[in-house]
Amino acid sequence: MVSEMHVSESSAQGRLVLHNRFSARRFFAPSASGTKLLNTFGSRLMLATEDFVVSFQAALETELGDAAGEVMYQCGFKWGEKDIDDFMGRFETQFGYQPDGAALGFLLESWWWPLQASGWGVWKYDLSHRSEGLIFVDLYDSAVAKSIGNVGEVVCHYYAGMFAAVFGRLAKRELSAIEIQCYSMGEGFCKFLVGSSKRINAAQFWVQEGASANEIMERL
């Protein structure tokens, strides 16, 4: 959890509006009954331990075998669709104008900060290859990979699905994503590639063949 930070403040109809509240005190709150944990937008949250994350992932792999990664990816995709739709729906109320009028960088950072505040990690996206149909995302402190540890393979399928859904929604076309480098492979951070299904299928083959992230980026 990052320290208290008010990225911006504005006055709306005589009341102070805080944006990007990173501190636990401002971001999390119990419900009136005290039986639920809510975030600042009223969405229900669940506190999960590292043991829960590891056990949940292991249970899926035990039950589904090789299909576990695809199931996790699809779950992440549905999560991303819902999350970006919720964000777009509250954007005008929160910032005072339509999301279509926002700079893309501001839009992306404003979407991501509640996930960072919730413990999903810190990201850095690279849009410099958009003209080639490629987007790269670096993820630090993945909640999944940090919990599972070094197992020699990519494990952040939820994130890959989420990034595919979100960037596809913003690009207004269908996109896919794959993790090409993972903390659970002994790397310092996780790296994802977002692009067309054709590009992602090629990258998936190279990942399976043991190619590094740099090698995949060069081939693409």
Side chain to side chain, Met162 and Leu115, heavy atoms closer than 4.5 Å: yes
Glu179 (side chain) donor-acceptor with Cys156 (main chain) under 3.5 angstrom: yes
Hey, what do you get for CZ (Phe136) to CG (Leu134), rounding to the nearest 0.5 Å? 5.0 Å
Exam field: side chain Ser184 to backbone Gly149, donor-acceptor pair closer than 3.5 Å: yes
Quick check: does any side chain N or O of Ser43 sit under 3.5 Å from a backbone N or O of Asn39, one acting as donor and the other as acceptor? no
Gln181 side-chain N/O to Phe189 backbone N/O, donor-acceptor pair under 3.5 Å: yes
Look at the rings of Phe163 and Tyr159 and say which category their plane angle falls in: under 30° parallel, 30 to 60° tilted, over 60° perpendicular. tilted
Tyr73 with Val151, same ILVMFWY side-chain cluster at under 4.5 Å: no
More than 12 heavy atoms of other residues, nucleotides or ligands under 6.0 Å from CD of Glu132: is that the case? yes
State plainly whether the residues Arg90 and Asp86 are in salt-bridge range, i.e. N to O under 4.0 Å. no
Do the rings of Trp123 and Phe167 sit parallel, tilted or perpendicular, given the 30° and 60° boundaries? tilted
Test your reading of the model: is there a side-chain donor-acceptor pair from Asp83 to the backbone of Trp79, 3.5 Å cut-off? no
side-chain hydrogen bond (donor to acceptor under 3.5 Å, both in side chains) filter on Asn150, not counting sequence neighbours, yields none
Between Phe106 and Tyr97, what is the ring plane arrangement, given parallel below 30°, perpendicular above 60°, and tilted in between? parallel
Please report the C-alpha distance between Ser128 and Asp126 in whole Å, then the side-chain angles of each, then the deciding distance to 0.1 Å, and finally whether the side chain to side chain donor-acceptor pair (under 3.5 Å) criterion is met. CA-CA 6 Å; Ser128 62; Asp126 179 1; 2.6 Å; yes
Between atom CD1 of Ile84 and atom CG of Leu108, what is the distance when rounded to the nearest 0.5 Å? 7.5 Å
